[in-house]
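Data block below; observations after.
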Amino acid sequence: MGHEGALLEVRQVGKSFPGVQALAGVDLAVRAGEVHALVGQNGAGKSTLVRCITGVHAPDAGEIVFAGEPIRSWSPKHAADLGIAVVHQRTRLLPSLSVAENVHLGHLPTRGGLLVDRRAAHRRTRDLLARFGLDVDPTTPVSRLSMPERQEVAIARALFRDARMLVLDEPTAALDAEQASRLFALVRNLTREGVAVLYVSHYLEEIFDLADRITVLRDGRLVSTQPTSTLTETEVVTLMAGHRPVVRGAAGAGAGTARDADALLELEAVSTAVLRELTLAVAPGEIVGVTGVVGAGGHELARVLYGLTRPGAGRMCLDGEPYTPRGPRQAIRSGVFLVPEDPAQEGLVPVMSVAGNISLVDLKGIRRGGVLDLRRERRAAEDFRRRLRIATPSVATPVRSLSGGNQQKVLLAKALTAGARLLVLEEPTQGVDVHAKEEIHGIVRSVAEEGTAVIAVSTDIRDLLEFVDRIVAFRRGRVVADVPSGLTSYAEILDLTVGSAEAVAS
Amino acid sequence: MSAVASATTRRRVPRVGGVDLYSFWPVAVMAVIVVVTAARTSNYFTVFNFENILSQIAPLGIVTMGQAILLVSAGLDLSVGYNIAFAGIVTGLLLEHGQPLWLAVAAGVGAATFVGFVNGLLVAQNRAHPFIITLGTSIFLFGLDTQMTGGAPVNDMKGLYTAFGGTLPGGVPTLAIPFVAVVVLAYLFLRFTPLGRRAYAIGGNEEAAYLSGIAVKRTKVALYTIMGLLVGLAAMCLAGEINEASFNLAQNYELQSIATAVIGGTALFGGRGGALRSLQGVALWGIVQNAISFAGLSSNYQQMALGVIIVIAVMVTRAQR
């Protein structure tokens, strides 16, 4: 294979998980001293590829060659021993330990093999940090550092053991523009020292700012690897989407399709730590898809609507009345229900029965003379089991033994039990199979037909386009598009959420 | 995906009415002990002996029901031992000062209930582990108990002894009445009341319970208050039975009540279990203690046997998962 001078070579790598071919026949070559960007939509296979390279997953097919040697043993420790370091979006440092202790974790210098030599640890950490122009005291506990400082410490830790390759996974997600530019300077310094950098990011502008070459993945396959200088952002979006963005000039123009007169939900200039002056209206019976990359604002909107985050500024109205929920209890009482992202973690009580989980949101509804009418509870659950086709041996089965799609349906049954006027769904089809996806789309549509307003927050643009009436796209806390879903395309929305194309906000 | 895989590969467990058969292992063990002991001794199967077991386990059984309610909600109460003593001492001192029985009992039970309420507030407000909060309460109460009695027990419970120390016509110990009533009420509470259901939800997944609109804090306060009330009742039983109230009225009750609930099959970390299962644990506890004294062995062997039972209980619970 003719990748002369490549430090890392990924050859025909494939990886599948039950029901999903996450990667198929992917090639990638990263040279020493280059910044190599890896881009693709959610589910394109970026994370799986990164996990194979960093030893978390063993590939099913193909091989990965590092510094001329094929990797034969798969563990994060082995990858680190080879000189492959990774910094994740959410850095994993131990907050109560000092910077020096975090940098040296597992490798603290000792005196006589017993006592930790703190002075040596601090000196070495200071030298290391100075090398990257970082001004952090090695004795400070990590819990007292800011997010960007933690990121820098994480990078320093990654490079402490003379890493020859650094994998940065969404490193700027928690950083502002100035902090990001500091990070970029640090990355450039590293490449000058000959470190190879694999850079995974949703934001094309920073990739064009930093990367020497760009590799695009789509649906688990390699689309192309080209030098950045030969590409434009539009071309990259086209490669990611598989077709050209047709700019219909509709983005923004169709904004505010919800006729303000009969809107159920109205937000006016709502701001939080993430959202920037969000104005939005949703009509009864309307399904609004909210998208954007992770951290762009969709999930923050869901939290605001459910009273989990309180806006610092702005006004919210529900059915013409001011709406300021202090928590899920008040939200549910006002007719708002949230179906959270991770059913098993946040939405359901895993050891409780299907029937128990459904009735939990409205125990009053099955109460008769102060006690629970278990027969009525079971009948209601049986009803939902038929209507939503929940595949379960019985409604007495604990929900933890149900599949992801069926757990999602139990959550929707809960939402219907709550009698919500506004239903907020977070990643409603994440991790469910194609068949369950279609069923969930159908359930959501029929709920909307009965007059319930639905806000579906998802990073999966294609999935949203299949069932929503309108798409609202977020980028760094601002709305960059608000269009009827029939007037836009996957590529256009993708371009608006990741590219630097100037937003035509309403 | 992995959950489905493990569900199909998991060993089939025989089930009865939705509950797997292994949950009833304490019943089997009890049957064996009863048969063996009865075969080796002549006077085991006497009414008197079973009455004896019943009155011995009644106060602990009442506390175990409260502990089961808390464990289901992923809580627990380590202050029950000294809280029982506290209630007993309050009642005892009032009786000593010539107060009427009803007032002394109301004050004692009220005092224990108040302690439960405070435990609930502290646990709910601080989002701290109930282990450390109730340990703090427990140590505080130990100091208070010894301060109130000056170290010497109140040794005449007067009317309370008359009420609880004896037997009903037919020889059934009076203590059986509150014990059976509490078991039935705890069963009904956990199975049929909204509050009981909320306890399971909080214990099974507190985040999901909160997102479902359950008032998590208020529920916790209510559950700990119920525990306080049961502690007060157990205190009256215990102090009345032995006609005494001192700081060590209910030594080790905190750990014994948790142990019996867990032996019966109530999960230590919430979401699963209940009153009837916990009752199995209490019954096994009583029968083992009794059988060992029938065998003429010292109480040291009781402790050893109970230790073994706790470990077996943990192993059975692990195997069920």
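In what follows, chains carry the letters A, B, and so on, assigned in the order in which the sequence lines appear, proteins first and then strands, with residues in each chain numbered from 1.
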Should the heavy atoms of other residues, nucleotides or ligands under 6.0 Å from CZ of B/F114 be counted, would the total exceed 12?
-> no
Quick one: of B/A209, B/G196, B/G271, B/A215, who has the most non-hydrogen atom pairs under 4.5 Å with chain A?
-> B/A215
Tell me, side chain or backbone of A/L348 under 4.5 Å from chain B's heavy atoms, or both, or neither?
-> backbone
Judged by atom type as modelled, is there a donor-acceptor pair below 3.5 Å linking the side chain of A/D319 to the main-chain atoms of A/E321?
-> no
Assess whether side chain to side chain donor-acceptor pair (under 3.5 Å) is satisfied between A/T272 and A/T309, documenting all intermediate values.
-> CA-CA 8 Å; A/T272 67; A/T309 297; over 6 Å; no
Go through the side-chain N and O atoms of B/N119 and B/T134 and say whether any donor and acceptor fall under 3.5 Å apart.
-> no
If you count heavy-atom pairs under 4.5 Å between each of A/L360, A/D373, A/V361 and chain B, which one has the most?
-> A/L360
Give a yes or no on whether a salt bridge exists between A/E382 and A/R385, defined as a side-chain N under 4.0 angstrom from a carboxylate O.
-> yes
Check whether A/K364 gets within reach of chain B through its side chain, its backbone, both or neither, counting any heavy atom under 4.5 Å.
-> neither
Does the side chain of A/D460 reach to within under 4.5 Å of the side chain of A/K437, using non-hydrogen atoms?
-> yes
B/R191 atom CZ, neighbour heavy-atom count above 12 within 6.0 Å = no
Under a 4.5 Å heavy-atom cutoff, which of A/V351, A/N357, A/D362, A/I366 has the most pairs with chain B?
-> A/V351
Would you mind checking which part of A/Q330 comes under 4.5 Å of any heavy atom in chain B, side chain (CB onward), backbone (N, CA, C, O), both or neither?
-> neither
Flag the one option from B/E207, B/R198, B/R197 with the top tally of heavy-atom pairs under 4.5 Å to chain A.
-> B/R197
Checking A/S394 against chain B: side chain, backbone, both or neither under 4.5 Å from a heavy atom?
-> neither
Checking heavy atoms, do the side chain of A/L372, its backbone, both or neither come under 4.5 Å from chain B?
-> both
